Amino acid sequence: MTADIESTGTDLMAVLTELSSQEGRADPYPLYRRLRALGPAVLDPTGTLLVSDYRLAAALIRDHRFLKRPEIALAAAGFEHWQERPALRLMFNSMLLRNPPVHTRLRRSAAGTFTARRVTALRPAVERIVDELIAELRAAGSADFIEAFAFPLPVTVIGELLGIPEPDRAQFQLLVRHWTGVLDWLTPEIVDRADPAAVEIDAYFRDLLARRRNEPADDLMSALAQVDGLADDEIITTAALLLAAGFETTTGLLANGLVALLAHPGEAAALRARPELAAAATEELLRYDSPVQLLSSRTAPEELEVAGRVLPAGQRVVTLIGAANRDPAVFPDPDVLRLDRDGEAPLSFGGGLHYCLGAPLARLEAQIAFPALLRAFPELAVTGPAVHREGLALHGLIELPVTTGSVRTRAGGAAARFPDVIR
Ligand code: HEM
């Protein structure tokens with residue numbers, strides 16, 4: 001091993017402590033810079049390799065020789081009996097944390113719904129939902145952007161695909177936030193909060209599965225029910241993962257992306273004037289403030305050489321994709337938002353066997369939403385402090401007060417329902 005991956009000095013401890021603080025999670029980028037100064041990859045006190053270098057991170061996550069071995073980190077965090085904890089069982093048995101051949105079978109069961117062709121066909125539906133949400137936002141004048149747009153857009157899309165009836169969807173906002181806490185560095189408190197949420201999610205999908213078996217509909221839940229060789233537990237864990245991944249991360253992209261655009265009025269103006277920039281803009285927003293900041297659980301099953309480095313058998317790797325996306329060796333002026341940036345793709349959707357199944361869908365939603373919002377509300381502005389999600393692995397906002405700028409409401413419910421319009 002080279003010296004740069006053996007560093008565990010006080011600098012590293014200071015950076016890791018700050019990364020676990022509220023301020024550190026909200027803006028981890030200065031901390032990533034300090035981490036990168038210690039080397040492209042460093043060993044943390046548990047012996048896990050933390051990778052912040054883009055090229056090494058990209059090579060690692062695309063390398064099929066690495067296996068997902070979540071049980072090692074779970075045991076190290078005190079959860080040897082993780083199958084007895086509902087939240088851990090539901091997450092860590094899903095395709096996200098499995099290896100071939102189980103991973104291949106689970107992924108194949110849902111992949112057909114998310115091909116580029118199937119997702120392109122959803123464009124009119126997504127445009128309609130965006131238009132409706134914009135009309136409601138216009139009528140409200142000011143709102144919490146998460147409640148009014150960044151949550152309802154992706155949950156409506158994935159809810160329709162899975163076949164979750166509309167009135168049932170809102171409950172999942174909090175349940176999924178609590179359940180997906182287990183993707184972060186684990187503490188007993190996180191798992192205690194995630195367990196009851198996972199029990200509810202599990203029970204919901206078990207019931208939905210029974211209903212679709214009795215009366216199949218034209219949705220993914222009915223399709224999963226008919227896949228040969230899928231056990232009920234596998235259907236439940238797949239549906240729960242698709243629901244969670246389908247909105248939590250996309251909510252993050254819409255919120256983080258809007259904040260970035262509003263902080264860069266020149267770039268926002270460019271996208272407003274040239275909606276054809278939407279695809280490139282979405283990639284840059286994904287790079288600039290990725291809704292997924294780190295990927296864990298990859299382990300070298302034997303001694304492996306990757307990008308000129310020898311990693312010992314059993315080496316655990318955490319890829320800091322949020323840091324890799326700001327690597328100055330790959331993205332010149334990495335802290336600058338530049339919507340027409342070209343070059344390497346950000347690592348925000350991962351890579352290799354586990355490359356995000358929903359990437360075409362997330363891109364479609366963002367590519368429609370951002371130009372539409374900017375065109376509808378040229379004076380859109382943030383009006384108060386944003387509230388960040390706990391943890392670092394999933395990086396997004398849970399509150400973002402905004403005003404559309406064109407409507408002023410008086411205090412009080414009646415005024416809010418019948419706002420004065422000032423143009
Ligand atoms: C901006 C939005 C999104 C981001 C940033 C994102 C990010 C990611 C990343 C980084 C991974 C790889 C994890 C790993 O390698 O360990 C992943 C996997 C996955 N994503 Fe997404 N995702 C997004 C939206 C979606 C959507 C809309 C869906 C669902 C429809 C989805 C479904 C999945 C699934 C099922 C996996 C597991 C794939 C596998 O293990 O083979 N994601 N996502």
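All ligand and atom numbering here is 1-based and tracks the order in the structure. Because the structure is a prediction, the values reported are computed rather than measured. Any value given below was found using the heavy atoms of this structure, including those in side chains, with hydrogens, waters and symmetry copies removed.
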Inset, instruction - Report, as yes or no, whether the 6.0 Å neighbourhood of atom CG on Asp207 holds more than 12 heavy atoms from other residues, nucleotides or ligands. - result: yes
Inset, instruction - Measure the distance from atom 15 (O) of ligand 1 to every protein heavy atom, then report the residue, atom name and distance (to 0.1 Å) of the closest one. - result: Arg298 NH2, 2.8 Å
Inset, instruction - For His103 and ligand 1, answer yes if some heavy atom of the residue is under 4.0 Å from a ligand atom, otherwise no. - result: yes
Inset, instruction - Give the numbers and elements of all ligand 1 atoms closer than 4.0 Å to a heavy atom of Leu295. - result: 10 (C), 13 (C), 14 (C), 15 (O), 16 (O)
Inset, instruction - List every atom of ligand 1 that sits less than 4.0 Å from any heavy atom of Ile158, numbering the atoms from 1 in the order shown and giving each element. - result: 30 (C)
Legend entry - Atoms of ligand 1 close to Lys68 [distance to a heavy atom under 4.0 angstrom, numbered from 1]: 14 (C), 15 (O), 16 (O)
Inset, instruction - Anything under 30° is parallel, anything over 60° is perpendicular, the rest tilted; go ahead and classify Phe149 against Phe145. - result: parallel
Inset, instruction - List every atom of ligand 1 that sits less than 4.0 Å from any heavy atom of Phe114, numbering the atoms from 1 in the order shown and giving each element. - result: 30 (C)
Legend entry - Heavy-atom gap Arg98 to ligand 1 smaller than 4.0 Å: no
Inset, instruction - Determine, using ring centers only, whether Phe349 and His354 are less than 6.0 Å apart. - result: no
Legend entry - Leu97 heavy atom under 4.0 Å from ligand 1: no
Inset, instruction - Assess Arg363 for proximity to ligand 1: is some non-hydrogen atom of it under 4.0 Å away? - result: no
Legend entry - Subset of ligand 1 atoms that lie under 4.0 Å from at least one heavy atom of Leu241: 35 (C)
Legend entry - Under-4.0 Å salt bridge between Asp289 and Arg326: no
Inset, instruction - Describe, in one word, how the ring planes of Phe151 and Phe247 are oriented to each other, choosing from parallel (under 30°), tilted (30 to 60°) and perpendicular (over 60°). - result: perpendicular
Inset, instruction - For residues Tyr54 and Phe331, establish whether the separation of their ring centroids is below 6.0 Å. - result: yes
Legend entry - Arg211 atom CZ, neighbour heavy-atom count above 12 within 6.0 Å: yes
Inset, instruction - Please report how many protein N/O/S atoms lie under 2.8 Å from atom 21 (Fe) of ligand 1. - result: 1
Legend entry - Pairs meeting criterion salt bridge (charged side-chain N to carboxylate O under 4.0 Å, His left out) with involvement of residues 106-126, two or more places apart: Arg123-Glu127
